[in-house]
Number of protein chains: 2
Amino acid sequence: MNPDRQCMSDAIRDSLTSRIFDGTLKPGDRLVELEIAREFDTSQTPVREALRELESLRLVDSAPYRGTWVRGISDREMVEAYAVRGVLEQLAAELAAPRLKGDVAEIRESLALIHESARAGDIEGYAKHNLDFHRGIVLASDNEVLIQSFDRLAFEARVRLHLRSQHEPRLIERAREHDEPVDALERGDGVTAGRLLRKHTESCKQRWLDRSLTTELDTSIPERQPVNASYLS
Amino acid sequence: MNPDRQCMSDAIRDSLTSRIFDGTLKPGDRLVELEIAREFDTSQTPVREALRELESLRLVDSAPYRGTWVRGISDREMVEAYAVRGVLEQLAAELAAPRLKGDVAEIRESLALIHESARAGDIEGYAKHNLDFHRGIVLASDNEVLIQSFDRLAFEARVRLHLRSQHEPRLIERAREHDEPVDALERGDGVTAGRLLRKHTESCKQRWLDRSLTTELDTSIPERQPVNASYLS
DNA sequence: CACAGGCTCATTATCGATAATATACAGGTG
DNA sequence: CACCTGTATATTATCGATAATGAGCCTGTG
């Protein structure tokens with residue numbers, strides 16, 4: 001948000017964020033203020049601020065006098081988020097098309113990387129470039145509020161959290177779904193691009209639904225680790 | 001977010017929020033931590049937390065060691081927000097229709113109050129019930145993520161901030177734009193309701209654009225009051 | 001007069017300590 | 001043995017004080 005903040009609390013926030021992203025911190029894990037403060041060789045105050053920021057990003061939950069813990073994301077929420085993302089991206093494409101004037105070079109770059117990752121079977125890379133691709137279109141809309149709304153969905157965190165549990169994703173096939181929207185954007189047809197992108201999002205959502213129905217495992221959200229969980233380690 | 005927090009920082013946050021809403025605090029006004037702390041007879045810490053929350057709600061801006069001030073909302077941002085709100089509401093209507101099963105009693109209640117306020121020329125009331133109406137449809141979508149995204153647009157704050165400067169708004173005429181979407185919802189036609197709602201939002205946006213072009217006054221955003229502004233009072 | 005450098009002061013960022021609260025556990029009771 | 005009650009403890013919420021920083025001012029120079 002403010003990229004130029006140099007205070008301790010921001011460093012802590014960023015560090016904790018990446019731990020949540022990379023799975024070091026799992027849903028339900030408790031974040032104990034003084035413990036983190038010791039680790040960063042600082043006091044409780046900046047840690048609290050960092051935690052509150054994470055809460056506003058919905059990466060953690062907290063309750064008064066009960067602490068803070070990593071937020072789990074249910075399949076239901078994932079599906080809800082896909083629905084919202086769909087219309088946001090549709091709008092983004094419609095706004096982006098007249099602005100781009102056919103110059104989709106940057107977007108094509110991300111697209112190429114998506115295909116590359118798909119061929120290599122690199123799930124991590126696929127997720128990253130996929131996000132770059134979609135966010136690129138949103139950025140091209142030049143609508144600050146839209147960009148914010150999109151970012152707040154925190155798709156990176158959501159997807160990464162579930163990546164590990166993914167079976168054999170047909171990456172190459174999925175990657176192809178991105179081609180047509182870009183073609184439409186290139187010829188300035190934002191409406192079509194938007195419709196295609198939304199359809200793409202819908203199919204992502206559907207895949208998620210299917211998977212969550214078939215695998216049947218832990219659709220529950222870890223609520224919070226018990227207090228003495230840290231003693232076990 | 002967590003309605004059951006009883007800590008000081010939340011009370012401060014709520015108090016400051018309503019001051020921003022009701023115009024006691026104007027864009028550009030500085031929020032000095034110790035000053036607020038004295039007022040609430042508390043220390044700096046809870047005030048800081050409150051300010052950070054307001055920042056995440058984008059009601060205030062801040063920079064390190066430079067403080068916090070009420071955020072202005074430009075006409076451009078307002079227009080951007082309308083565009084996003086349009087697609088969010090459209091989606092909401094589509095999702096709400098099958099859930100409501102024609103039961104639009106609650107929504108009609110808000111609608112009646114809108115018309116009533118319009119007849120009475122009660123701009124404040126109109127704004128309130130109008131928001132209730134639109135939010136009611138979003139709530140009926142039963143999509144938590146969508147509700148969050150909508151709320152984050154903070155339309156209440158945005159609209160109220162500009163209400164005072166509004167000329168003769170043709171409220172009665174505007175109120176009528178809400179009728180058709182409700183009819184559509186009642187007969188379960190979410191797609192039509194969504195399209196109409198989006199069109200409504202577009203016309204709100206357009207009115208805003210027209211007004212901001214014709215009035216030509218202070219399209220600028222107050223950045224921040226100078227440090228010694230408080231001495232003048 | 002425009003402008004750079006250094007000084008002062010208001011304010012933020014952080015600290016270490018204390019008050020307040022929830023959780024876990026022990027003991028008693030039916 | 002299940003259940004309640006009270007107590008110990010871990011942890012959060014808040015406090016008052018200090019360190020760090022930026023804004024404004026003053027001075028001197030060209």
May I have the step-by-step check of side-chain hydrogen bond (donor to acceptor under 3.5 Å, both in side chains) for A/Asp75 and A/Trp208, ending in yes or no? CA-CA 8 Å; A/Asp75 286 325; A/Trp208 200 280; 2.9 Å; yes

Is there a donor and acceptor pair closer than 3.5 Å between the side chain of A/Glu49 and the base of C/dA13? no

Does OP1 or OP2 of [N] have a side-chain N or O of [X] closer than 4.0 Å?
| X | N | answer |
| --- | --- | --- |
| B/Ser43 | D/dC15 | yes |
| B/Arg66 | C/dT11 | no |
| B/Arg48 | C/dT12 | no |
| B/Ser9 | D/dA13 | no |

To the nearest Å, how far apart are [X] [atom1] and [N] [atom2]?
| X | N | atom1 | atom2 | answer |
| --- | --- | --- | --- | --- |
| B/Trp69 | D/dA23 | CH2 | C1' | 13 Å |
| B/Arg30 | C/dT12 | CZ | P | 6 Å |
| B/Met8 | C/dA20 | CE | P | 12 Å |
| B/Asp61 | C/dT12 | CG | C1' | 16 Å |
| A/Phe40 | C/dC15 | CZ | C1' | 17 Å |
| A/Arg38 | D/dT12 | CZ | P | 11 Å |
| B/Glu33 | D/dG16 | CD | P | 16 Å |
| B/Gln44 | D/dT18 | CD | C1' | 11 Å |

Report the C-alpha separation of B/Arg19 and B/Asp14 in whole Å, then their side-chain angles, then the decisive distance to 0.1 Å, and conclude whether the salt bridge (charged side-chain N to carboxylate O under 4.0 Å, His left out) test is met. CA-CA 9 Å; B/Arg19 284 184 213 181; B/Asp14 292 340; over 6 Å; no

Most 5' of B/Leu51 and A/Thr45 on DNA chain C, judged by nearest nucleotide: B/Leu51

Residue pair A/Asn143 / A/Ser141, side-chain donor-acceptor N/O under 3.5 Å: no

Please determine which of B/Arg38, B/Arg48, B/Arg52 meets the salt bridge (Lys or Arg N to Asp or Glu O under 4.0 Å) test together with B/Glu33. B/Arg48

Looking only at the side chain of B/Pro46 (C-beta and beyond, no hydrogens), which of the listed nucleotides C/dA13, D/dC15, C/dT14 gets closest? D/dC15

Measure from the side chain of B/Tyr65, starting at C-beta and using heavy atoms only, and say which of C/dT12, C/dT11, D/dT11 lies closest. C/dT12

Counting N and O atoms only, with roles assigned by atom type, does the side chain of A/Arg198 sit under 3.5 Å from a partner on the main chain of A/Gln90, one being a donor and the other an acceptor? no

